Asks: 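Below: one structure in structure tokens.
Below, each value reflects all heavy atoms present in this structure, side chains not excepted, and no hydrogens, waters or symmetry copies. Keep in mind it's a predicted model, so treat the numbers as computed, not measured. Residue numbers start from 1 in every chain, and the chains themselves are labelled A, B, ... in the order their sequence lines are given, proteins ahead of strands.
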There are 2 protein chains.
Amino acid sequence: MADGVGGGQIKRPRYDPDRLLEVAVQQFIHRGYEATSMAQLAKAAGLGKSSIYHHFPSKEAILHRALSRALDALFAVLEEEGARLGPPAARLEHLLRRTVEVLVLELPYVTLLLRVRGNSKTELWALERRRHFDRRVAELVAATASTGVLRQGLDPGLGARLLLGMVNSISEWYRPGGPLSAADLARVAASVGLHGISGQRGPAPPGPPAR
Amino acid sequence: MADGVGGGQIKRPRYDPDRLLEVAVQQFIHRGYEATSMAQLAKAAGLGKSSIYHHFPSKEAILHRALSRALDALFAVLEEEGARLGPPAARLEHLLRRTVEVLVLELPYVTLLLRVRGNSKTELWALERRRHFDRRVAELVAATASTGVLRQGLDPGLGARLLLGMVNSISEWYRPGGPLSAADLARVAASVGLHGISGQRGPAPPGPPAR
DNA sequence: CTTTCCCGACCGGTCGTTCGGTTCCCATTT
DNA sequence: AAATGGGAACCGAACGACCGGTCGGGAAAG
């Protein structure tokens, strides 16, 4: 009821940086970061152009905060128990499944992250952090390969790229409220991906001899 | 022969629209379309800003031509024999494999196409043509499903999206001159994708004896 | 000598950002 | 309960730089 305004007017609640960030990221995704002007941003927020600079020191700072939020959420997955303990294949499954869940939970921020191309210092910083994440996935795929589960002749690095490409592409079409829950989508996507890079027909790899 | 320039010099020969397009697309990919100014474009081409307007009537026209080139190449794949005749699974394999090959062959143009978000009339046009292509892939996945090859419980639409996401993501990291040829990459990617969406414990699909 | 290609100078408009000053919220004081 | 003080939120106007695009004329190719 604190939200419910008795007056019947459309409330124009005052902004704090995170609230404004939400609006800004929406615009950045819809129009593209570079193509979104501060004037459009201000109009979308129902503010004057100059008011935005009370919450953020620059346009790029808005982007930085948004990308940081996405990256923090992704890196948190790497620290989860399921991604650190157990056989490589199970860890990889957990990592992929949780990555999809985070992608969906923080959809706008991760979407923005995945569109960054390295045009500014902030974008380069985000790109490098993202590369670190990708490398961790690649290492896990390589570990999976050493247990003989990986498809013969498939380079682990290539497998990791294809996996991440598939998973990341979800941000381009998934919209909340659809028929598919985040958890279900994550399970299916991880399963499809892992099955794709795993051994084709012989489930019994010749011999990763006792080790 | 048109390529063979007699002079061994780093000639800065006069431009025609396609030559200029090549330079422009490079810039668009590196900086982003909106973030690339005509001045930067001109400098990259070694021309004055106004000279560009001798070859293209507007900045957007450059984008249109680039996107058209990518789309034409992709749609041509749909008309190939291998994509029209035979069992659905084989047609899908052909379509995916050839799509990767085209993506690699026309890498800059397809890359640009895949980054379009619909900010202008031209981008909306490209987006819709691309949706048509994607729909054709989805139809083929659905046809594959009706033959029982598709993994149980996997929605064909979802399978198609995951497939296309994986395949399209190749444009984000593939660089010509690497260790992997276009044909090899295409074979591997199509195989990984198809295996991912196909039945889990291979019940020996009744029909296609895979050439 | 015509056609193609190219240039510098310039246009109105928009960009991100700055600035001085006003309005709102709310804890504290009276 | 009324008055007050102060920081947070907000605004319109204006800045220099740069945007995409235009124009009339000059160089070079055929």
Asks: Report yes or no: is the cationic atom of K59(A) (NZ for Lys, CZ for Arg) under 6.0 Å from the centre of the six-membered ring of Y33(A), at an angle within 45° of the ring normal?
Replies: yes

Asks: By side chain to side chain donor-acceptor pair (under 3.5 Å), which residues pair with R91(B), not counting sequence neighbours?
Replies: none

Asks: Looking at every heavy atom in both A186(A) and V100(A), which two are closest together, and how far apart are they?
Replies: CA-CG1, 3.6 Å

Asks: Less than 4.0 angstrom between a side-chain N/O of H55(A) and OP1 or OP2 of dA8(D), yes or no?
Replies: no

Asks: For L47(A) and dA9(D), what is the distance between atoms CG and P respectively, to the nearest whole Å?
Replies: 11 Å

Asks: May I ask you to decide whether D72(B) forms a salt bridge with R69(B), counting only side-chain N to carboxylate O separations under 4.0 Å?
Replies: no

Asks: To the nearest Å, how far apart are I62(B) CD1 and dG20(D) P?
Replies: 10 Å

Asks: Whole angstroms only, please: what is the CD1-C1' distance between I52(A) and dG12(D)?
Replies: 14 Å

Asks: Please encode protein proximity along nucleotides 16-28 of chain C as a string of B, S and -, counting only heavy-atom distances under 4.0 Å.
Replies: BBBB----BS---

Asks: Would you indicate whether the side-chain heavy atoms of R115(B) and I29(B) approach each other to under 4.5 Å?
Replies: yes

Asks: In whole Å, what is the span from the CG atom of D16(B) to the P atom of dA29(D)?
Replies: 16 Å

Asks: What is the distance from CD of Q40(B) to P of dG21(D), rounded to the nearest Å?
Replies: 15 Å

Asks: A side-chain contact here means heavy atoms from C-beta on lying under 4.5 Å apart; do I62(A) and L41(A) qualify?
Replies: yes

Asks: Between F56(B) (CZ) and dC5(C) (P), how many Å, whole number?
Replies: 12 Å

